[in-house]
Amino acid sequence: MTDKRSIEKQAAQYVVRNVLDNDTIEILYKENGKPYLSNNILISISHSYDWLAVLISFNGVDVGVDIEKVRDKILNIKDKFLSPKELEDLKDASLEKHIVYWCVKEAVYKAFGTVGLIFEEQILVEDFSCSREGGKINACIQVANAKINYTLHYQILSEYILVYTSNNSE
């Protein structure tokens, strides 16, 4: 296989089958592109360079995961996905904290599963203290008079940032 997308899909399939110890389970995709398993278990998948993250939900709660390589490219697009308040919170922040904000928004977007959300207006991240040891973050989606809260966890792994949702009741 030489197609990057095919390799990523096969890698995710391999991980899922091995973690669940089931050689017949398949990763399927809804119309909106959100993955799920053939036994209706919910999952989220993220790739960044040679890293792969798969988050599996065994309790029926929608989940989201994002992994990103630490690169300064994010600084060039931050105005497109951060609210004015978030930009202020990040005024003197590290590159890693900027990437955590991006990953939070991506993970929440994947968990919510609705195409077309406006990241800077509808996915809002509460400011947090960024630590090399990782931590918890609160975020929400605001749509049509509704507010959906999310608790997320982040980890700084070598040159990568990993962010994933946890059960919303946390």
Requested in this report: May I have the step-by-step check of salt bridge (Lys or Arg N to Asp or Glu O under 4.0 Å) for Glu88 and Lys85, ending in yes or no?
Outcome: CA-CA 5 Å; Glu88 183 63 31; Lys85 181 185 179 320; over 6 Å; no
Query raised in the report: Do the side chains of Leu42 and Val61 get nearer than 4.5 Å, heavy atoms only?
Result: no
Query raised in the report: Does one hydrophobic cluster hold both Ile7 and Tyr29, with members joined at side-chain heavy-atom distances below 4.5 Å?
Result: no
Query raised in the report: So do the side chains of Tyr154 and Cys103 get within less than 4.5 Å of each other, counting heavy atoms only?
Result: no
Query raised in the report: What's the shortest heavy-atom distance between Glu133 and Ser131, and which atoms?
Result: OE1-OG, 2.8 Å
Query - His47/Arg5 under side-chain contact (heavy atoms from CB on, under 4.5 Å): CA gap, chis, key distance, verdict - result: CA-CA 10 Å; His47 309 92; Arg5 193 76 173 141; 4.2 Å; yes
Report task. Without swapping roles, check the side chain of Ser46 against the backbone of Ile67 for a donor-acceptor pair under 3.5 Å. Result -> yes
Report task. Decide yes or no for Tyr14 and Val19: does some side-chain heavy atom of the first lie under 4.5 Å from some side-chain heavy atom of the second? Result -> no
Query raised in the report: Counting distance only, does the side-chain N/O of Gln13 pair as donor-acceptor with the main-chain N or O of Ile27 below 3.5 Å?
Result: yes
Query raised in the report: Can you find a heavy atom in the side chain of Trp102 that is under 4.5 Å from one in the side chain of Asp66?
Result: yes
Report task. Kindly compute the distance separating CH2 (Trp51) from CD1 (Ile161), expressed to the nearest 0.5 Å. Result -> 10.5 Å
Report task. Inspect the surroundings of CG in Asn76 and state if more than 12 heavy atoms from other residues, nucleotides or ligands are less than 6.0 Å away. Result -> yes
Query raised in the report: If you take all heavy atoms of Thr165 and Asp62, which pair is closest and at what distance?
Result: OG1-O, 4.3 Å
Requested in this report: Please tell me if the side chains of Ile41 and Phe58 come closer than 4.5 Å, counting only heavy atoms from C-beta onward.
Outcome: yes
Report task. Taking the side chain as every heavy atom from C-beta outward, state whether Glu120 and Phe81 have any pair of such atoms under 4.5 Å apart. Result -> no
Requested in this report: Take Leu75 and Leu95 through the side-chain contact (heavy atoms from CB on, under 4.5 Å) test and state the conclusion after the steps.
Outcome: CA-CA 8 Å; Leu75 299 175; Leu95 175 59; 4.0 Å; yes
Query - Interatomic distance, Tyr164 atom OH to Ser44 atom OG [nearest 0.5 angstrom] - result: 13.0 Å
Query - Main-chain N/O of Val125 paired with Glu86 side-chain donor or acceptor, under 3.5 Å - result: yes
**Report entry** Phe119 six-ring face occupied by Lys105 cation (under 6.0 Å, within 45°)
**Finding:** no
Query raised in the report: Atom CG in Asn39, atom CD in Glu26: separation rounded to 0.5 Å?
Result: 11.0 Å
**Report entry** Aromatic Phe128 / basic Lys97 pairing, under 6.0 angstrom, 45° off normal
**Finding:** yes
Query raised in the report: Are Leu124 and Ile148 grouped together when hydrophobic residues (ILVMFWY) are joined by side-chain heavy atoms under 4.5 angstrom apart?
Result: no
Report task. Would you kindly confirm whether Leu20 and Val15 end up in one hydrophobic cluster when ILVMFWY residues are joined by side chain heavy atoms under 4.5 Å apart? Result -> yes
Query raised in the report: Does the side chain of Gln155 come within less than 4.5 Å of Arg132's, by heavy atoms?
Result: no
Query raised in the report: Would a 4.5 Å heavy-atom cut-off, applied to side chains only, mark Lys78 and Leu90 as touching?
Result: no
**Report entry** Value rounded to 0.5 Å, distance of NZ in Lys147 from CD in Gln122
**Finding:** 14.0 Å
Query raised in the report: Going from NZ on Lys69 to CG on Leu157, what distance comes out if it is rounded to the nearest 0.5 angstrom?
Result: 13.5 Å
Query raised in the report: Under 3.5 Å, is there a donor-acceptor pair between the Ser57 and Asn59 side chains?
Result: yes
**Report entry** Partner of Ile45 under side chain to side chain contact (heavy atoms under 4.5 Å, CB included), chosen from Val65, Val16, Leu52
**Finding:** Leu52
Query raised in the report: Is it true that a side-chain atom of Asn138 and a backbone atom of Glu126 form a donor plus acceptor pair closer than 3.5 Å?
Result: no
Query raised in the report: Cluster question for you: counting only ILVMFWY and a side-chain heavy-atom cut-off of under 4.5 Å, with indirect links fine, are Phe112 and Tyr109 together?
Result: yes
Report task. For residues Ile25 and Arg17, report the shortest heavy-atom separation together with the two atoms involved. Result -> O-NE, 2.9 Å
Query raised in the report: Atom OH in Tyr36, atom CD1 in Ile43: separation rounded to 0.5 Å?
Result: 10.5 Å
Query raised in the report: Counting distance only, does the side-chain N/O of Lys34 pair as donor-acceptor with the main-chain N or O of Lys110 below 3.5 Å?
Result: yes
Report task. Look at the side-chain heavy atoms of Ile, Leu, Val, Met, Phe, Trp and Tyr, link any pair under 4.5 Å apart, and say whether Ile77 and Ile123 land in one connected group. Result -> yes
